[in-house]
Each structure stands twice: as C-alpha cells, then as structure tokens.
Amino acid sequence: MGRFAQWRGMVWAQGQRLRVGLLGPEPPDDVSESSDDVSGPPPSLNRLDALVEGFAAGQPVRWTLAGQPRPLPGPVDVVAYRIIEESLTNACRHASGAAVAVRLRYDPTGITIEVRDEGAGPASSGGGTQGAGRGLLGVRRRAERLGGTLSAGPRAGGGFIVRAVLPAPEEMAE
C-alpha cells in the first residue's frame, strides 16, 4: 500500500489543477452517467485503494503498477475506475473466493488496465465477448467513447480477463 499511497498523494496534489485546467471549475454533465453515485466523491483512481480493499475483504485481490503514474484527464480517470469496479464486481460474482489481479500500466500514450481472476471453471470456447454482461458492455461503451478499447473473455485454463486501453497522452497532463 505504500506505493499506492505515494502515487495517490502525487495525483491528489496535481489532480485539482489538472481537472480545472481540462474541465473548468465544474465537471461536464457527460463525465458520469445516471448510474454513478452523485452523493459521494466522484469515481477516481485516487480512490482505488478503498475500492480494492472493499473487494479484498471477500477474496484475495492484489494490484500492481507499472510505468510512471500521472494525473489523468477527468473522463479517463472516471472510466478507468469504473472498469476496475465492474471487473472486481464480476470476479466476486462469478469467481467468488478466487484470486484476482489488477494491473495498471502507464505509458506515454495512455493507461492499460487488466483485471484477471483465477476462477476454477474451465474457459469456454467462443469469441472474446462471451460472458460479457450488461455491466461490461456499459464500460466498453465508455472506453470507446474516449477512443479506447475494452476486451473481456475467458482465459485458457480457466478464469476471466478484462483488458482496457484508454488514451491519455502525457502532454495532456502537463
């Protein structure tokens, strides 16, 4: 948790400046959809530790971070959080008790998110969207609206993986 706390502090310190610079003092109406909780703080990777801890109470969840973390534009930050939230919800529902790994990788063009579970069930044959419920379709649409991609499907040997690539070029954070 030390690395994440350090990263969160850096993002928090620069996040407000970036958010105001990109979005103005108030976030645009299309940042969140009606299913978002508007009474609490907005979804953000700044709150990832609390999200992971909430799921880790019911099953082992570990996360890793690669690349140089940086503040993300508000809409990308929200979508990244929602992708992880939906993926953890599905792992809890469909692979209860199985180990889950969350990986964030920053590169100069954006962020890649992978959430994989080690569910014991056999991987089903078919396309990469098999097993994708309405929640995954919703976050896929959100990723695509930002110019990103999301794929989800069974892993060979069992388990499930969700992988998203969201654009957030480094120059947007300056």
Check: Is a side-chain N or O of Arg155 found less than 3.5 angstrom from the main chain of Glu118, in a donor-acceptor match?
Finding: no
Check: Side-chain heavy atoms under 4.5 angstrom apart, residues restricted to Ile, Leu, Val, Met, Phe, Trp, Tyr: same cluster for Val165 and Ile84?
Finding: no
Notebook entry, point to check: With a 4.5 Å heavy-atom cut-off, do Val115 and Phe160 have their side chains touching?
Noted result: no
Next item on the list: Indicate yes or no for a side-chain donor-acceptor contact from Gln59 to the backbone of Ala98 under 3.5 Å, with no hydrogens or angles considered.
Entry: yes
Next item on the list: Applying side-chain contact (heavy atoms from CB on, under 4.5 Å) between Leu166 and each of Val76, Leu72, Thr149, report the one that passes.
Entry: Val76
Item checked: Cluster link Ile161 to Ile111, ILVMFWY, side chain under 4.5 Å -> no
Notebook entry, point to check: Between Leu51 and Trp63, is any pair of side-chain heavy atoms under 4.5 Å apart?
Noted result: no
Note to self: So if I apply the side-chain contact (heavy atoms from CB on, under 4.5 Å) rule between Leu104 and each of Ile113, Thr112, Thr64, which one comes out positive?
What the structure shows: Ile113
Item checked: Donor-acceptor pair, side chain of Arg142 and main chain of Pro75, under 3.5 angstrom -> no
Next item on the list: Please name the pair of heavy atoms, one in Pro167 and one in Leu146, separated by the smallest distance, quoted to 0.1 Å.
Entry: CG-O, 3.1 Å
Notebook entry, point to check: Can you tell me how far the CD atom of Glu86 sits from the CZ atom of Arg93, to the nearest 0.5 Å?
Noted result: 6.5 Å
Next item on the list: Hey, could you give me the OG/CG distance between Ser87 and Leu136, rounded to the nearest 0.5 Å?
Entry: 6.0 Å
Next item on the list: Ignoring hydrogens and angles, tell me if any N or O in the side chain of Arg140 forms a donor-acceptor pair with the backbone of Leu150 under 3.5 Å.
Entry: yes
Notebook entry, point to check: Heavy atoms, side chains only, cut-off 4.5 Å: are Asn46 and Tyr81 in contact?
Noted result: no
Item checked: Nearest heavy atoms of Gly67 and Pro69, plus distance in Å -> O-CD, 3.2 Å
Next item on the list: Calculate, to the nearest 0.5 Å, the distance between atoms CZ and CZ belonging to Arg103 and Arg62 respectively.
Entry: 10.5 Å
Next item on the list: Could I get the full list of salt bridge (Lys or Arg N to Asp or Glu O under 4.0 Å) partners for Arg105, not counting sequence neighbours?
Entry: Asp107
Notebook entry, point to check: Shortest non-hydrogen contact from Pro60 to Gly97?
Noted result: CD-O, 3.7 Å
Next item on the list: Look only at the side chain of Arg70 and the backbone of Ala168, and say whether a donor-acceptor pair between them is shorter than 3.5 Å.
Entry: yes
Checklist line | Partner residues of Glu85 under the salt bridge (Lys or Arg N to Asp or Glu O under 4.0 Å) criterion, sequence neighbours left out | finding: Arg82
Check: Would a distance-only check, ignoring hydrogens and angles, find a side-chain to backbone donor-acceptor pair under 3.5 Å from Asp77 to Leu45?
Finding: yes
